[in-house]
There are 2 protein chains.
Amino acid sequence: MLSAKSQYAFKALTYLTEHYKKGPVLISEIARKKKIPLKFLENILLELKKAGILDSKKGKGGGYYLKQDPAKIKVATIVRLINGPIAMLPCVSLYFYERCKNCDEKSCGLHDLMIDVRDATLEILEGRTLKDLVV
Amino acid sequence: MLSAKSQYAFKALTYLTEHYKKGPVLISEIARKKKIPLKFLENILLELKKAGILDSKKGKGGGYYLKQDPAKIKVATIVRLINGPIAMLPCVSLYFYERCKNCDEKSCGLHDLMIDVRDATLEILEGRTLKDLVV
DNA sequence: TACTACCCTACCAAAATAGTAGACTTTATC
DNA sequence: GATAAAGTCTACTATTTTGGTAGGGTAGTA
């Protein structure tokens with residue numbers, strides 16, 4: 001399941017997508033409109049900025065805005081960033097790989113199955129962008 | 001990600017699948033062979049028994065065994081039982097549905113996306129059984 | 001230079017996860 | 001029927017993750 005943090009991130013990003021190219025948006029405005037705890041949202045937006053998804057302007061008239069075209073920001077990227085691995089097992093994760101304890105990957109049926117699940121999931125998450133989230 | 005508990009459950013079930021129709025298997029044997037903490041495994045097997053997946057025999061010569069044909073036990077069933085929801089959002093879960101806070105499901109892009117992810121995942125998890133986990 | 005708004009570190013509480021303890025019950029077999 | 005084997009059950013504890021808060025620092029703009 002996506003964490004609350006991830007859901008907040010998507011709500012904020014959706015809001016910023018709707019305001020793309022319309023100047024910086026205040027954290028407090030996003031928090032109010034999307035009903036997200038203000039300080040928690042600050043952390044999330046800062047994280048997205050450090051990852052290169054958002055940029056910000058300080059001082060009066062400042063705020064956050066999308067650094068790239070929302071049609072170029074994949075949903076998969078956001079999930080990995082805020083929520084962590086997409087795969088159901090560490091040993092089949094592309095970006096967070098860890099070897100399994102006590103399980104030979106070459107002869108593990110669960111391993112093979114979870115690769116299929118991962119690929120099916122990625123096919124969707126890699127193919128959709130923030131733009132697709134706005135209806 | 002699947003919890004450690006879920007991974008233990010699958011290891012144990014795989015072992016029992018390999019011993020299907022060969023009489024009861026000791027908890028301690030499974031724990032030793034699959035390197036699972038004994039008491040933790042006890043809880044897991046008991047849970048699987050209460051759910052109707054396993055059955056057991058008490059006393060000397062006792063142990064656990066699969067109640068049904070491993071080719072008829074879906075992976076999805078086990079995941080739901082031990083790990084919980086398969087969907088990435090409560091509002092798109094078939095078995096653990098909960099309404100979203102502050103999100104109208106009819107106009108939520110994330111909602112629609114996650115339904116697609118859920119269906120792609122289920123297509124695989126509902127189609128494979130314990131038998132498929134044994135290579 | 002004062003105000004605004006993001007930046008940053010640290011902290012805290014609650015919930016979920018992982019694992020343990022120990023007493024109890026049932027059953028096979030000698 | 002005694003005994004030992006083996007699952008049953010309740011409860012507890014420790015650790016990690018998650019969700020959220022506090023408050024001062026820093027930079028930009030008018």
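All chains are named by letter (A, B, ...) in the order of the sequence lines, taking the proteins before the strands, and each is independently numbered beginning at 1. What you see is a predicted model; the values in this text were computed from it and never measured.
From the 5' end on, the contacts that DNA chain D makes with chain B at under 4.0 Å to a non-hydrogen atom open and close at dA5(D) to dC9(D).
The ring-ring contact (aromatic ring centres under 6.0 Å, His included) check on Phe10(A) picks up nothing, with sequence neighbours excluded.
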Could you write out each protein N or O paired with an N or O of nucleotides 22-30 of chain C at a distance under 3.5 Å?
| residue | atom | partner | partner atom | Å |
| --- | --- | --- | --- | --- |
| dG22(C) | O6 | Lys39(B) | NZ | 2.4 |

For nucleotides 14-18 of chain C, which of its nitrogen or oxygen atoms have a protein nitrogen or oxygen under 3.5 Å away, and what is each distance?
| residue | atom | partner | partner atom | Å |
| --- | --- | --- | --- | --- |
| dA18(C) | OP1 | Ala4(B) | N | 3.0 |

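Nucleotide dC6(C) holds its C1' atom 10 Å from the CG atom of Leu45(A), rounded to whole Å. Note: CG (Leu26(A)) to P (dC7(C)) measures 13 Å, nearest angstrom. For the pair Leu54(A) CG and dA5(C) C1', the interatomic distance rounds to 15 Å; values are reported in whole Å.
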Acceptor/donor pairs from residues 76-93 of chain B side chains to any protein atom, 3.5 angstrom cut, sequence neighbours excluded:
| residue | atom | partner | partner atom | Å |
| --- | --- | --- | --- | --- |
| Arg80(B) | NH1 | Glu126(B) | OE2 | 3.3 |
| Arg80(B) | NH2 | Glu126(B) | OE2 | 3.1 |
| Asn83(B) | OD1 | Ser3(B) | N | 2.9 |
| Asn83(B) | OD1 | Ser3(B) | OG | 3.2 |
| Asn83(B) | OD1 | Ser6(B) | OG | 2.6 |
| Ser93(B) | OG | Phe96(B) | N | 2.9 |

Only distances under 3.5 Å count here; give the side-chain donor-acceptor pairs of residues 45-55 of chain B to other protein atoms, sequence neighbours excluded, each with its distance to 0.1 Å.
| residue | atom | partner | partner atom | Å |
| --- | --- | --- | --- | --- |
| Glu47(B) | OE1 | Lys5(B) | NZ | 2.9 |
| Lys49(B) | NZ | Ser56(B) | OG | 3.0 |

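Under a hydrophobic clustering in which Ile, Leu, Val, Met, Phe, Trp and Tyr are joined whenever their side-chain heavy atoms come within less than 4.5 Å, directly or via other members, Met1(B) and Met114(A) fall into different clusters. In the hydrophobic clustering of ILVMFWY residues, with side-chain heavy atoms under 4.5 Å counting as a link, Leu41(B) and Leu66(B) come out together.
Using a cut-off of 4.0 Å between Lys/Arg side-chain N and Asp/Glu carboxylate O, Arg128(A) and Asp116(B) are scored as salt-bridged.
Counting heavy atoms of neighbouring residues, nucleotides and ligands inside a 6.0 Å radius, atom CD of Gln68(B) exceeds 12 of them.
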Handout entry: Audit row: Glu29(B), Arg32(B), salt bridge (Lys or Arg N to Asp or Glu O under 4.0 Å) steps and yes/no
Key = CA-CA 5 Å; Glu29(B) 179 184 337; Arg32(B) 187 163 32 80; 5.5 Å; no
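With ring centers used as reference points, Phe40(A) lies under 6.0 Å from Tyr8(A).
Here the side chain of Asp132(A) pairs a donor or acceptor atom with the backbone of Thr129(A) at under 3.5 angstrom.
When each of Asn43(A) and Gly63(B) is assigned the nucleotide of DNA chain D with its nearest heavy atom, Gly63(B) is the one assigned upstream, toward the 5' end.
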